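Below, each value reflects all heavy atoms present in this structure, side chains not excepted, and no hydrogens, waters or symmetry copies. Because the structure is a prediction, the values reported are computed rather than measured. Ligands are counted one by one from 1 in listed order, and the atoms in each one are counted from 1 as well. Start at 1 with the first residue, then count along the sequence.
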Amino acid sequence: MALLIKNGEIVTASERYVADLFCENETITRIGTDLDAPGDAEVIEARGKLVFPGFIDPHVHIHLPFMGTFAKDDYTSGSAAALTGGTTTLIEMCCPARGDDALTGFELWLKQAEGKSACDFSFHMGVTQFDGKTQAQLRQIVQRGISSFKVFLAYKGAFGINDTELYQTLKLAKELGVVVTAHCENETLVAERQKELIASGKTGPEQHHESRPPAVEAAGVSHFLRFAELTGASTYIVHLSCREALDQAIAARQRGVNVTIETLIQYLTLDKTWAEKPNFEGAKYVMSPPLRDRSNQETLWNALRDGLIQTVATDHAPFDFKTRREMGNHDFTKIPNGIPSLEERIKLLYTYGVQTGKIDLHTFVNIASTQAAKTFGLFPRKGTIQPGADADLVVFNPEHQGEISVNTHQSKVDYSAFEGWKTQGRPDVVTVRGKVAVRAGKFVGEAGRGKFLFRQPRHF
Ligand code: URP
Ligand code: ZN
Ligand code: ZN
């Protein structure tokens, strides 16, 4: 299986040049001008197009039993959505419920993906309790190629852990060289505010952000990073949404805490007024942490440009609108949380970030691919274009004009939060280890071709 991509403008986190790319046996083997290929090689003409390393989404949910229901995608639809949007590697949150066995959970999540995923994948192992048995199982899971954990400070009773468990998890992570990713919101504050709002008859989706204001997230970030400081563990804040939380993370970083920060495409493009839409439409925009006041967007874009925030993910959590209505019509606390966006991330980041001049092309590649690869032990196999790297490539047409719609997306979820939004640019061709999975913007990939990516722990 050989592939030649000719005359494209290659853009990585640090370089930009016109060249041909030759790929064989799943990897990039040659980069140069006027390259030849054997007669049976597939040749793709990329003149006038940008060629990016495959994008990496470091925060995705596919199999997600949560709040009494299930998210809608499986790996067949989820990986098709990822690839159509230019994402060639995803890292899913493996989230066994509190009380469930960690190893059984890991096996279950692996089973959902293997044989079905068209793109490469890995997991952050959710630590939803911590005792002697869990500790032993986490050690085994790390040996099986998982080098990051996930903890929730929120969602007590479902995924959330207590402070003793948090401390023990961070100590184990430090010992093993594992990164601890964390959902940071103070659950006590959330619970108290939810009770107050519901008791005063404020039950609509527009109350969700009132129950989880920026101070709730900032308290979570500060708490988590103080624990990290004591243990010396490497950390990663998932879905940071606002300036108050960012201030806490930067302060911890200045004290020497090893912290990488992720924000989401939703926080960069949507604000809380979307969750205030009438007739329950706001429920499409319920996620945690919630959408914020619009002024936070400038803070987040600037922080990405300045390298203070390292990654942009999706936290794809595809709960149907229908289910949201059935479950949360009379009580916003029952609306399943999350805004799906796995397929839209790259187009939105390009349209609303690069095209508007908020970030340059190198930053675009860095925050959507390279930094995730570096943080989670996939670099330089993934996240860049160089000989020896996996031939995960995105031939991007910057002239394409599109429109987002539920009618054309690959995900099984019954709505798009970005319905009717115009986009500039799209992945025309996407390859997974040298094989075309998207052609002319259409998914042509192969379910089951995606591989589990073995990741080694690292001591910082
Ligand atoms: O609202 C969200 N973010 N839903 C998905 C679960 C999580 O917290 O990551
Ligand atoms: Zn979360
Ligand atoms: Zn999540």
Side-chain angles (χ1 to χ4, degrees), residues 57-73 78 82 90-98 109 121-128 148-161 166 180-187 190 194 205 207-209 211-212 216-217 220-221 223-224 235-242 245 249 261-268 270 272 274-275 282-292 311-321 323-324 327-328 332-342 345 372 376 411 413 415 417:
D57 192 336
H59 184 170
V60 175
H61 301 270
I62 305 275
H63 177 64
L64 179 59
F66 184 42
M67 296 180 77
T69 185
F70 282 86
K72 275 312 274 287
D73 279 322
L90 60 83
I91 311 184
E92 193 195 1
M93 298 295 172
C94 170
C95 296
R98 192 169 169 79
W109 259 260
F121 57 91
S122 180
F123 302 99
H124 302 295
M125 185 61 218
V127 181
T128 49
S148 46
F149 294 156
K150 169 71 184 286
V151 295
F152 293 88
L153 273 56
Y155 309 138
K156 285 251 156 59
F159 303 137
I161 53 172
L166 175 61
V180 180
T181 74
H183 174 134
C184 297
E185 286 182 299
N186 182 297
E187 177 53 22
V190 173
Q194 284 181 335
Q207 301 302 328
H208 178 72
H209 50 249
S211 70
R212 314 170 97 101
V216 167
E217 187 181 343
V221 169
H223 188 81
F224 174 64
T235 62
Y236 180 93
I237 306 288
V238 302
H239 52 40
L240 184 131
S241 72
C242 61
I261 306 171
E262 167 197 284
T263 190
L264 304 180
I265 192 64
Q266 294 92 323
Y267 301 132
L268 294 167
L270 300 166
K272 67 181 186 183
W274 290 82
K284 292 177 179 171
Y285 300 90
V286 165
M287 66 178 300
S288 297
L291 297 176
R292 300 297 187 192
T311 62
V312 175
T314 62
D315 194 9
H316 182 72
F319 293 106
D320 273 349
F321 181 46
T323 314
R324 289 168 198 255
M327 296 181 70
F332 72 89
T333 69
K334 306 267 188 318
I335 300 169
N337 286 202
I339 303 180
S341 55
L342 183 52
R345 176 182 66 134
F376 294 116
S411 170
V413 70
Y415 79 99

- prompt: Within a strict 4.5 Å, meaning less than it, do heavy atoms of the L153 and E187 side chains meet?
  reply: no

- prompt: In terms of residue, atom name and distance, what is the protein heavy atom nearest to atom 1 (O) of ligand 1?
  reply: S288 N, 2.8 Å

Atom name in H239, limited to N/O/S, at shortest distance from the Zn ion (ligand 2): NE2

- prompt: Can a non-hydrogen atom of H59 be found less than 4.0 Å from any atom of ligand 1?
  reply: yes

query: Under 3.5 Å, N or O to N or O, is A317 touching ligand 1 that way?
result: no

query: Which of the N/O/S atoms in H183 sits closest to the Zn ion (ligand 2)?
result: ND1

message: Other residues, nucleotides and ligands only: do more than 12 of their heavy atoms fall within 6.0 Å of NZ on K156?
response: yes

task: Identify, for atom 4 (N) of ligand 1, the protein heavy atom at the shortest distance, and state residue, atom and that distance.
output: N337 O, 3.1 Å

task: May I ask you to identify the nearest protein heavy atom to atom 3 (N) of ligand 1, giving residue, atom name and distance to one decimal place in Å?
output: D315 OD2, 2.5 Å

task: Determine whether the side chains of R292 and S241 contain a donor N or O and an acceptor N or O closer than 3.5 Å.
output: yes

The single option from H59, E262, H183 passing side-chain hydrogen bond (donor to acceptor under 3.5 Å, both in side chains) against H239: H183

query: What is the ring orientation for F159 with Y155, classed by angle as parallel under 30°, tilted 30 to 60°, or perpendicular over 60°?
result: perpendicular

message: Just to confirm my numbers, could you give the angle made at the Zn ion (ligand 3) by OD1 of D315 and NE2 of H59, rounded to 10°?
response: 90°

query: Any N/O of Y155 closer than 3.5 Å to an N/O of ligand 1?
result: yes

